[in-house]
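Below is one structure, written out as structure tokens; the observations come after it.
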Amino acid sequence: MSRTFKKFTPVVCVLFFFILIQAHGAPAGTTNSLPTFTGDFLGEAPPPAETLSLWYRQPATNWVSALPVGNGRRGAMVFGGIATEKLQLNEDTLWAGGPYDPDNTNALAALPEVRRLIFEGKYAEAQKLAGQKMMAKPLRQMPYETPGDLYLNFPTNAAVEDYRRDLNLDTAVASVIYISGGVKFTREIFSSPVDQVIVVRLTADKPGQITFTAGMDTPQKATIETEGGDTLVMGGTNGNSRGINGALKFQARARVLPIHGKTSADADKISVANADSVTLLIAAATSYKNYHDVSGDPEAITKKQIAVASKKTFDELLAAHIAEHQRLFRRVELNLGKTEAIQLPTDERIAHFAGGNDPQLAALYFQFARYLLICSSRPGGQPANLQGLWNGSMTPQWDSKYTININTEMNYWPAEPGNLGECVEPLTAMVLDLAQTGAHTAQVMYGARGWVAHHNTDLWRATAPIDGPQYGLWPMGGAWLLQNLWEHYQFTGDKKFLEKIYPAMQGSAQFFLDTLVEEPTHHWLVTCPSLSPENPHTNSVSLCAGPTMDLEILRDLFANCIQASEILGRDKKFRQQLAVTRDRLAPLQIGSSGQLQEWLEDWDTNAPDIHHRHVSHLYGLFPSDQIDFYTTPELAAAAKKSLEIRGDKATGWATAWRINLWARLHDGDRAYGILKFLLSPEFTYPDMFDSCPPFQIDGNFGGASGITEMLLQSQQRELRTPILRPEATEGRPDSELRILDLLPALPKAWPNGSVKGLRARGGFEVDMDWADGKLTAATLHSLLGNPCKVRYGEKTVELNLKTGGTVHLDGSLQSNPKP
Ligand code: FUC
């Protein structure tokens, strides 16, 4: 027997949409009407022994209080209830729709007219025409979806004592502990990157105490049934969306493995009575193989994963999981000092952070972001989307997809300095896919070679402009993502990796060589049509030619491409063409208020929203290095002016970006002041997820990146030979000298501390200690044998370490052989 999702009648359909709309923006999981606990909560549980933990004295009452576990592909939000434990599940390839081609074949014919209107200053007309002729079909992309929930109902209404739930970031295990009826109950939940299953373990300190009923719930077209007396199976197909039919099959299965007690199954539930302990293994998969192949077999995948994991003991599963997590997580340690505040539950600490003294919460926030990246972006899986891996809704805000005009790039900002370079692999794989789908978009829409991606993409790697021309007609998404990949090369020096991404870099550059146009006033080369992400220059009109950010991204793309082609000894002619074109790009301009101009024209101070959340033109200051505190002080002053005009507070991610920018301007106290808002209830939910609002994970990653920028910067380089030489020797060795800036923006709020294991460009690992606001010791490990300069305040020292070499420096940067 099975419980089948019935076909919609129109009335049910309307009701369903009503429910979806209610859920929109406030992902709430899918399970309705579960039993609620009506007993009392007594006592006060102590904090967990591991201080790198999030912890609470009550179960999660909403989705943004639940705690995330994940192995890069399969995730769960753990609620920790008493009458019901709910695990809202995710699988990273369960998105709506199927392979589709959104490219608009009318675009190419309209392109010259749109350009003409823009160059005549008829921006509104240009935007209107682009809206009619140049947008993707459908106009929106596919949403990321949840398969549904696993729930465990427990028969209890006795009072509960010393309740605590926590998430240990060091072991990546979520736990729930409480005493009820004189019995101490413990739940442990983790998502194993080794065995690819989510593991739930229920134990008690007395035998025969574990009794519950397990079931599942789904908003999908799916059935839920039991199999073999001990396994729940949810199987179905993904949703249709915006005219694209669901083409994926998916399956989630949960096997119940009790020690003693009695297990029974009915049609869609499994009950366990009086067991000593129980382990549940949960697997989930879809038929997605890649963006054009949906022929996978989720039943075979999940059956095999459960079968393999079932042969291992809980302790074996746990030990393998912890070892693999710690291999990545333990590479970086950050100590900003501890105060009494660590005795408080995490939600209370967030509430008090801005007005209190709790430096460890900032360290916890930093490590939580590293935890989230490890759990949402592992090799072989999908990149971290707008919500990482975690989404309880069928209609999440902005579809929980990849917004590539800032948000996806921000997700990966802490990856390299945070010593998690491996986590970039899913992003690399996605960019290589986009270079394929984007080649079609380039050809069909622009008549251009190479490839292009606009401001969003999804599981199906759609690259056409979406939502509306004022947001979507921005051809720079792919080029910006390539900058993240280039950073991976800067930190690792991995030539094989460079060879792998070079064709995508070259293809992106080719697209711009084919589509850049000369603007009529100065005859500079510019993108057109484009926009400065989502910021209108006049009422509701953002379409324009050559916004500053585009030219900044292109200066990076072209320089990187030239350098890569030199390193790889390829494409000399192409390189020369890029160098000539790069010189003709519109330059950075300082406007009438002393600000860095956001557009070709000095529209900034009259634009409708001078406090706009995006600070796109400041890309040159961060994440790029084109505007620099030391080497381009006038531009840095202009960027500072722009930042001041914009203001410190915006959405979660936009607030996080500002922290990085102020750190690049060496203003640690201003950066810290902004971190105070970010880490307050306005922008941080009780479970420490960032609030845009609603939940968006980019703010977590951007905030963590801001903390690293306050402590260590390595974007600056001295060129021993100029990069942009068209005649450069093929295969020349890297000719840059990296400058590592130690504690460039240390705020007064963190006078004493230490950090271990941060990475710097050029292949260095850096440890530092400081006291009374001053560096006391630094250790550099060289991973690639590159020379470098180390700078602390006014002092610099040049170092020539061999690969594997280490140097210890004191607070005056004197070498200190016996630290
Ligand atoms: C961009 C931002 C929004 C939001 C969305 C996902 O469009 O402007 O604030 O973050 O991405």
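Note that the structure is predicted; figures quoted are calculated from it, not measured. Along the sequence shown, the residues carry numbers beginning at 1.
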Heavy-atom neighbours of K206 NZ exceed 12 at 6.0 Å: yes
Heavy-atom neighbours of H292 NE2 exceed 12 at 6.0 Å: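 More than 12 heavy atoms, drawn from other residues, nucleotides or ligands, come within 6.0 Å of this atom.
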Contact check, side chains of V199 and H321, non-hydrogen atoms, under 4.5 Å: no
Residue pair L281 / L257, side-chain heavy-atom distance below 4.5 Å: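 Yes - at least one pair of side-chain heavy atoms lies under 4.5 Å apart.
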Indicate whether any N or O donor in one side chain lies under 3.5 Å from an N or O acceptor in the other, for [X] and [Y].
X    : Y    : result
Y100 : D458 : yes
Y151 : T213 : no
Y291 : Q436 : yes
S310 : R255 : yes
S65  : N62  : yes
T302 : Q251 : yes
S295 : D293 : yes
E188 : T186 : no
D166 : S53  : no
N385 : S400 : yes
Q88  : N90  : yes

Set of residues satisfying side-chain contact (heavy atoms from CB on, under 4.5 Å) with respect to S691, sequence neighbours excluded: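 With sequence neighbours excluded, S691 shows a side-chain contact (heavy atoms from CB on, under 4.5 Å) to Y685, P693, given in chain and number order.
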Test log, rule salt bridge (Lys or Arg N to Asp or Glu O under 4.0 Å), inputs R253 and E225: CA-CA 10 Å; R253 44 178 67 226; E225 50 195 22; over 6 Å; no
So, [X] side chain and [Y] main chain: donor-acceptor pair closer than 3.5 Å or not?
X    : Y    : value
N245 : N240 : no
N71  : I198 : no
N411 : G388 : no
Q141 : T457 : yes
T218 : Q220 : yes
E425 : G380 : yes

Working for side chain to side chain donor-acceptor pair (under 3.5 Å), residues E91 and T93: CA-CA 6 Å; E91 202 285 342; T93 60; 2.6 Å; yes
Proximity of W95 and Y402 rings by center, below 6.0 Å: yes
Ring center gap for F79 and W63 short of 6.0 angstrom: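 For F79 and W63, the ring centres are not under 6.0 Å apart.
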Cationic tip of R164 above Y56 ring, under 6.0 Å, 45° of axis: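 Here R164 fails the 6.0 Å and 45° test against Y56.
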